[in-house]
Structure formats: C-alpha cells, structure tokens
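The block underneath contains the structure these notes are about, expressed in structure tokens.
Computed from a predicted model, the values in this text were never measured in an experiment. First the proteins, then the strands, lettered A, B, ... as listed; each starts at 1.
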Amino acid sequence: MTYADVIIDISHEKVDRDFQYRIPDELEQEIKPGVVVTVPFGKGNTLRKGYVIGVTEKAKYDTSRIKMIQSVSTDDETTESRLIALAAWMKETYGSTMIQALKTVLPVKDKIRAKEKRLIFFCGERQAAEELLEELSGSRFRARERFLRAILEAGRLEYTYASKELGAGASVLDFFEKKGMIRLENQEMYRIPNQADLVKEDCELCLNAEQNVAVKQIFREWKEPEARPVLLFGVTGSGKTQVYMRLIQQVIQEGKQAIVLIPEIALTYQTVRRFYAMFGDKVSVLNSRLSQGERYDQFKRAKRGEVQVMVGPRSALFTPFSNLGLIVIDEEHESTYKSENTPRYHARETAIQRARMEHANVVMGSATPSLSAYSRAESGEYLLVKLNARYKERPLPQVSIVDLREELKKGNRSVLSTELKASLSETLRKKEQAMLFLNRRGYAGFVSCRACGHVMKCPHCDVSLSEHNGRRLICHYCGYETVKPQVCPSCGSPHIGGFKAGTQQIEKVLEKDFPEARVLRMDFDTTRTKDSYEKILAAFSRHEADILVGTQMIVKGHDFPDVTLVGVIAADLSLNMDDYHCGERTFQLLTQAVGRAGRGVKPGHAVIQTYQPEHYSIRAAATQDYAEFYKEEMGYRLLMDYPPAAHMMTIFGACQDEELLKKAMYYIEAFICRVSPKEELHMIGPAAASVGKVKDVYRQVLHLKNVDMAFLTAVREKLEQYIEINSGFRKIYIQFDMS
DNA sequence: AGCACGCCGACT
DNA sequence: GTCGGCGTGCTC
C-alpha cells in the first residue's frame, strides 16, 4: 500500500503541514509529487484542494483513519502545477522542505485578504432592529445582542471581526439572515497601490543602431529550438532598459507575458514610471512595501490575464502567468537576487529553470556581470550580447587612485586626502555637485596596516581575518585564530588596526573643512522613515545640497547631471570582507560609483582612496576594464576552488546552547567524512559565522567545496536524513546554502 | 477555514 | 431533564 503526503491549501497556519492519504489503485500511476489533488478533509469530509509533496510506503498515522484521495484535480491548473514543479526543483537544488519551497512559490493568502473579502451589511428596518435589540438585551442570546448592537452602529462589519471579536459564528449570522436584516457579500476588492499619476504616455521606442543590433541578435537566438539565456553586457548608460522594452513589446505582441526583475533598491518612482509610460495598464508593480494580501491581489490579476508585465524584486519571479514568454533580470550581479531564507534560491538560476520548464526566454543585463554569469557566457552556455556605447558619447570620467599610505607618510590623518579635498573645493567653486561614497556594507572589522596596506588574512582560506574584542583575529571560514599583532608583520609599523569612520564622521569633517557647503547625508539612520530615501535623492537632484555623503544606496539609480565629482572614501572597506565575493563586490560598487560622475554635459572626475592601490579590483574599476578584472578574479577562484570555479555548500547551524551547537557541528563534520570518499572531500570549518551570535543565538558554519554539484547534493541528502533520524539535532536550526 | 464536541445557562 | 448557544480544538 502506498500513501501520499498532501498539503491542504496553504491558507491557514494550523493546517500548514502535510497530511497522509491513501492512493486508490486506479490513480497509482498519476500520483507523484507536484500533482494537484482533491481530498476529503476534516470532520465533514469537505472536499479541498491539496498538493502532493511526496509518496511513501509507510503510514505515519493510524492506518484506519487515513482517508483516500478523491481524485486528481482536473480543472486546468497548469500554471499552478508548473509552479509546484518549480518548487520541487528548488527543494532538490537548494535544500529545503517541500512546504518551505511551496510557500515561496505559491501566493499565500493571508488574513488581511479574508477580512476584506467577506462583509456583512445591515439591510433591514432600523426600527424593527432596535426593537429586537431591546428584546435581546439581558436575554441569554448574548452573542446576538453583541452582534446586532455592533452592526447597527457601523452599518457594515467584516466577517472575521464578527466571528472572532464578537463571537458571532455561523449560527448567529444565520438567525439574522433569515430575518432579512443582514446580507453577506463576498467582495472581490483589489488593493491596488496608489498609482493615480502613473499612466501610459504616448512614446515611441527609439533604439540606436547598437541597441537594434542587440535586439536582432536576441531575436535570432529565440528562433533556435533550444534558445539560450542571454547576458546583455552593457556599460552604464548604454540603454539596456530600451532593449528590454523592445523585447517585452515583442513578447506581448505574441500574446505572452513578461516578468521584469529589478533589485529592490532600484525600484524607484522613476523606474516604475518608465514602465507605466511604455505599457500603461498592462503593467503591475510589486514592491516589498506591499502587504502579502496586496501581493496576492497582483498575482491574481496576473493569473486572470489582466496584466501582461510584472515588474518587481526577486519574488516577482513567481508571478502565475499562464503563458510566460520572457523573464528579464536587470542588474543581474546584484546580491539581493539571492534569497536569505530557506530555500536560499538564486533568482537567476531559478528564472532559467522556470523559463526552461515553460518554454520562455531569459535576458539578464549588467554593466558588471557576476563571475558566475560571465563565465557561463564565455563557455557558450549563455549568449553574450554587448552594448558598448555610452549615451550621447559621454566620455568616461577621469579617475585617480589616491594611496592612503602616502597620505599617512605626509602626515595627513584626515579621512579626506589632499587630492580629494582639492577636487572638492574646485567642484564647489564651479557650483557643481559631489558625492562621497563609503562602501561599508556588512563591514566585518578587518585589520590592516595604515602604513603599508598589509591586510591580516587567513593563511588557509585567503579571506580577511576579523577582529574580536580587540585582541584576537578569527577566520570565519575555517575558524583559524591568532592573536592580533601589535606591529605590522610586513613592515613593522605600529599603525595597525581597524578602519573606523562612518558617514557621520565624514559629515563632521566636511562641516569643518567646507563650512559654506550644504551637505546631505544618506545612510541607514537617515532613511529609516518611509519615503525619506526618495526625498533625499530628490532634494539632491534639485541641487538643494552640494555634497551627498552616503553608503551603497547613493550609487544606484538616479542620475544627477550636476554631479561631476565622486569620491570613494576607503575602497578597502568592501575589499577586505571575510568572504570570497569581496573582490567582485568591490569592483561592482566602484565601477558603479565612478560611473555616477559626469552623467550630464560636464565631464566627470572620480577619486578613489585606498590602502591597496595595486589591487586588481580597484585598478580595473578605475579604468572600467571588466575583462582585466574577470581574468584576475577568476584566477583566484580557480586557485582556491571557490564558485563559479567549483560549487560550494554551506551548512549553517544556529542554537542558543553554544556547546550543543559545537557538538552538533562536530557530528555533522564526522558524518560527512564517513559518507564521502577522501579524495573528493574539501571541507572547511566548522567555524563561527561572520556574525557569530545574534540575540543570544550562536551561529556556526561549515563549508564543503567540490567541482561537481551532484556530489554536494548527494552529501546534503544523506545529511538531511541523518539529521532527521537523530533527535539530538532537534534543538538546532540547520540551513543549507548551495552556490 | 470549517466542523463537531461538550460545557453551561435557561426553560419545561 | 433537556434544549440550544457558544467556546474550543482537530483535521491524515
């Protein structure tokens, strides 16, 4: 006898788990994971929709009480079942439970939706109702009294409010309905976010010669039976969006739909307006401010065919379009495309998988492609399409690299080098604008020498060591530990330590050095409130300030034609993080930052301050030379077996009890050694995660590298079983990350 | 979410 | 005693 694990509609927390059902003989062949079935559920055996997530031989429940699957759902749920198949793929690839995978893929209804869906209206005689209320008051019908009083006052009530807060269940409502006093109404009300000023404008899509060539190249690829994903490699300002628009137009014309993925931070009013101007009400936009109910509504509109284009962040990838034609991924290299929650999927890979299953195409674009995407383009797995010309032939800004070690020798200890200071006063004199950029995202407290630029690195992993309590240095990959040296091991200088400067300090220095300049600061603190992000950028755009100081957020989006100077305070901040991506991230950030200067008529200038002027990420960003950067960085990845040269699985463990966690990680390590052949094993750790403790929960990581992804997947599956069987892991939260 | 079960107050 | 509203808890 075989049994199926079925998830009943994902609508309520309480039924958010799998239930076992018997498979009738005649459905034996059809039932497999991903199939949508109809099953009897609950006391009244009401028929409900369910998703089969697995088939087993063993009954986990009292056999006599297991019910039978009624039928395979026949109503045309192809969109849904395709998404379920995608969830199954995500579960296999990234490691998670089927429930977690389904939850990320299928739109989840929530309470907000139910509230607005069912409304109760008062529709009887007011006089009669008041008499009835009189009659009811003090009687035993307390729920009826409560309810009548409330509806008389409000005239209209939400169903969930009536049943939960007033305790007026079905029986109470029945009573009033029979009397003809109330009317229940199912309201299908969409919550469309405020978009009154977003309308279609009459605009022709004008492509330049180069963009036209790119479009033709892509169309040619699409004619192939097995069209490859396209990597659109175009420098900043080469007009990638124009190309996307043209492609989307084509897809819509063919009666298909398109999804456009955009990093959350770039989802500004400007971007959204461009899409509305082009496609009018065919477009729907998702953003993270949307409640789950609002997102659900947008997905529903897509499913019904009311919109043809969905624009949004990572999660827009799961828009239930019935005839998907194209998925566009803008700024493909952005780290926000990787999910932080289980399943830790990457939107690029998942988009390609979805496109493969639904015979759609993928086009991704970037000025600084991720190593992963570019290496695939080089190998021919993706089609590489280039856009080289900068808008209106604007020259690239002139870039100078300032060696901060020299500044120290000259006795300048300020965060502003002599050159940057001079450039700033020149810019102010000409009444132009400047941006100062502090790239300290996820700043991990590396230690470097101010005199020679030497960075303390792990001898085994070649990533920066992090300072702990000011006395010890720790590697967050393998756990290597050493005492923090008092003098630089390379040059003997005592000027060794962490870099301590925030945007506030820079703001203070600017106030002192340039008291006449108007300075705006943009960082996590100043953008906490809603819309403040847009407000600051808009103010700067109107030239209400001369200098904008900020973290990564200032280098994305918005064009400021009056900005002629970009200063990078300390390029090393993102260069010396404790993971293997940092060279790539630094190159991307610096390239973007440099590209911000001189977007208008006036030529631009950029100053990059660093302790490591010879580093290839910085040199290549200064010359905007992607090829050079790619060669160096790929060499490093190949040497160290980091992705994309190999695959890496990270096992992440968290637990309140540090000892228990360490023990568990040790057992995991021992288990992996036992189940895998020695020569293929490339394990690092276990070690404390880069944030070793959050809210009293300890965190540890273990990395496993191998050229073959299948090997890692096999290890993960064995490990998942091992963890499930051993109750010792119950108290430990375990997460997998595959890259 | 939807349904049954069982408690408890009120009426016969 | 019994009837029925109303809160609680379970659903393979």
Self-check item: Test: A:E358 and A:R354 ion pair at under 4.0 Å
Solution: yes
With a 4.0 Å cut-off, would you call A:E720 and A:R716 a salt bridge? yes
_Need one value for A:Y61: base, sugar-phosphate or nothing, where a base atom within 4.0 Å counts as base even if backbone is also close, heavy atoms only._
base
Taken to the nearest whole Å, CG/A:N45 to C1'/C:dT11 is 10 Å
Between CD1 of A:I8 and C1' of B:dC3 the distance, given in whole Å, is 15 Å
Quiz item: Should the pair A:F652 and A:Y733 be assigned to parallel (<30°), tilted (30 to 60°) or perpendicular (>60°) ring geometry?
Solution: perpendicular
A:Y21 atom OH is separated from C:dT11 atom P, nearest whole Å, by 11 Å
Between CZ of A:R65 and P of C:dT11 the distance, given in whole Å, is 6 Å
Q) Is the centre of the A:Y3 ring less than 6.0 Å from the centre of the A:Y61 ring? A) no
The residue, A:K43 or A:P40, whose nearest nucleotide of DNA chain C is more 5′ is A:K43
When rounded to whole Å, the CG to P distance for the pair A:L47 and C:dT11 reads 18 Å
